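We number each residue from 1, following the sequence as shown. In this text, all values refer to a predicted model and were calculated from it rather than measured experimentally. Just so you know, these numbers use all the heavy atoms, side chains as well, and skip hydrogens, waters and symmetry mates.
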Amino acid sequence: MDSTNKRLFLTGASGLLGRAILKKFSEYGWEVLGTGFSRVSPPLIKVDLHDVSSVQKILAEFKPSFIIHSAAVRFPDQVESNPEEAVNMNVKVSQHLASISDKIGVPLLYISTDYVFDGKKPPYKVEDQPCPVNLYGNLILRIPVLYGTVEKLSESAVTTLLEPLLNTSKPCSMSNYERRYPAHVNDIAEICHQLGQKKLEDPSICGIFQWSGQEMLTKYQMICKMAKVFSLPCNHVTPVDGPGAGAVTRPYDSQMDVSSLVLLFKKIPHHTPFEEGIKECLQPWTTKKAQ
């Protein structure tokens, strides 16, 4: 494949990660056709990914050299409450895209999750058998919980923690048990670009790759770091040191082994320190609250 033909077809381009991927590839000179469905404004186009014939038509006209499928039903609570919708998007749409990409000879990168593991025996290698504790489950890139510049705080399981932190009048409990390895979407977007570039240069590259953030943090520890960065009180937040009693079971420690990615890139991908990243993306929200 001609590595100078840099045309990316991107699903989920209106989402937190999708926006970062679109921006990153555009900065590197790629022509990006970003798609969305519920939140679409130019330059994105509205596409129903369940409509196979429409997807085939768009791909035939655009002639991409690389496809990234980042659209998904991703919050565990949503998956549990509407499993049929989750299966349609996370499984069936992914199957259709993989089949189409194979027929037209265009590599596809599928964005997956650390929640394919039960969190009992980390760090997980790429060849470890998936064993999810809930329903949320070519090239595959498994990634951890993400944060970044959000359009609303609830867009990320990390940034949504700012709300209880700011609401000092309401005592709350926060998990200090499950271990997470948050990653900034800009770091993941850079990894996606490097994978795309590597694939164009060497079509034989395939398989599963994984990336975890380099800091282990519980939700309570994330809140404490937010409080430190913005000089906010957090004595109204109480740590919960055992498994939570929520409706959806979550893995205890889903750390993933990243050696295959490091070996491919011949270096450790960039990791944005959590305090630095969270300050950059939440500064506007703390400023709004202060006004």
Between V55 and H96, does the side-chain contact (heavy atoms from CB on, under 4.5 Å) criterion hold? Intermediate values first, please. CA-CA 9 Å; V55 175; H96 294 325; over 6 Å; no
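- In this structure S260 satisfies the side-chain hydrogen bond (donor to acceptor under 3.5 Å, both in side chains) test with no other residue, sequence neighbours excluded.
- Between the side chain of T11 and the main chain of S70, a donor-acceptor pair closer than 3.5 Å is present.
- Side chain of S99 to backbone of Q95: no donor-acceptor contact under 3.5 angstrom is found.
- For the residue pair I111 and C192, the shortest heavy atom distance occurs at CD1-SG, 3.9 Å.
- Between A13 and G34 the shortest heavy-atom distance is CB-CA, 3.6 Å.
- Between the Q210 side chain and the Y124 main chain, a donor and an acceptor come within less than 3.5 Å of each other.
- With salt bridges taken as basic N to acidic carboxylate O contacts below 4.0 Å, none links K279 and E275.
- Of all non-hydrogen atoms in D114 and V145, the two that sit nearest each other are OD2-N, 4.3 Å.
- Annotation: cation-pi geometry satisfied between R7 and F62 (NZ/CZ under 6.0 angstrom from ring centroid, within 45° of ring axis).
- With hydrogens and angles disregarded, a donor-acceptor distance shorter than 3.5 Å links the side chain of R19 to the backbone of T149.
- Contact between G12 and A71 at its shortest, heavy atoms only, is N-CB, 3.6 Å.
- For the side chain to side chain donor-acceptor pair (under 3.5 Å) test with Y28, the passing option among Q197, E190, H193 is E190; the others fail.
- Taking the ring centroids of F66 and F9, they lie at or beyond the 6.0 Å cut-off.
- Of all the heavy atoms in G119 and P122, the pair that sits closest is O-CD, 4.0 Å.
- Judged purely by atom type and a 3.5 angstrom limit, S212 uses its side chain to pair as donor or acceptor with the backbone of M256.
- Atoms CZ and CG, on F209 and L195 in that order, are 6.0 Å from each other to the nearest 0.5 Å.
- Judged purely by atom type and a 3.5 angstrom limit, H236 uses its side chain to pair as donor or acceptor with the backbone of P164.
- A salt bridge (Lys or Arg N to Asp or Glu O under 4.0 Å) with D253 holds for exactly one of R179, R180, K120; it is R179.
- Here the side chain of S254 pairs no donor or acceptor atom with the backbone of P251 at under 3.5 angstrom.
- Two rings, from Y220 and Y177, have their centers 6.0 Å or more apart.
- Although no hydrogens or angles enter the test, the distance criterion places a donor-acceptor pair under 3.5 Å between the side chain of T35 and the main chain of L10.
- A donor-acceptor distance shorter than 3.5 angstrom exists from the side chain of S65 to the backbone of N5, with no hydrogens or angles considered.
- At least one donor-acceptor pair under 3.5 Å links the side chain of K199 to the backbone N or O of I205.
- Screening residues 38-54 for salt bridge (charged side-chain N to carboxylate O under 4.0 Å, His left out) gives R39-E151, R39-E155 as the qualifying pairs, with residues at least two apart or on separate chains.
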Which is it for Q56 and S53 under the side-chain hydrogen bond (donor to acceptor under 3.5 Å, both in side chains) test, yes or no, and what are the steps along the way? CA-CA 5 Å; Q56 289 175 323; S53 60; 5.8 Å; no
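- Here the closest heavy-atom approach between residue I208 and residue V126 is recorded as O-CG1, 3.5 Å.
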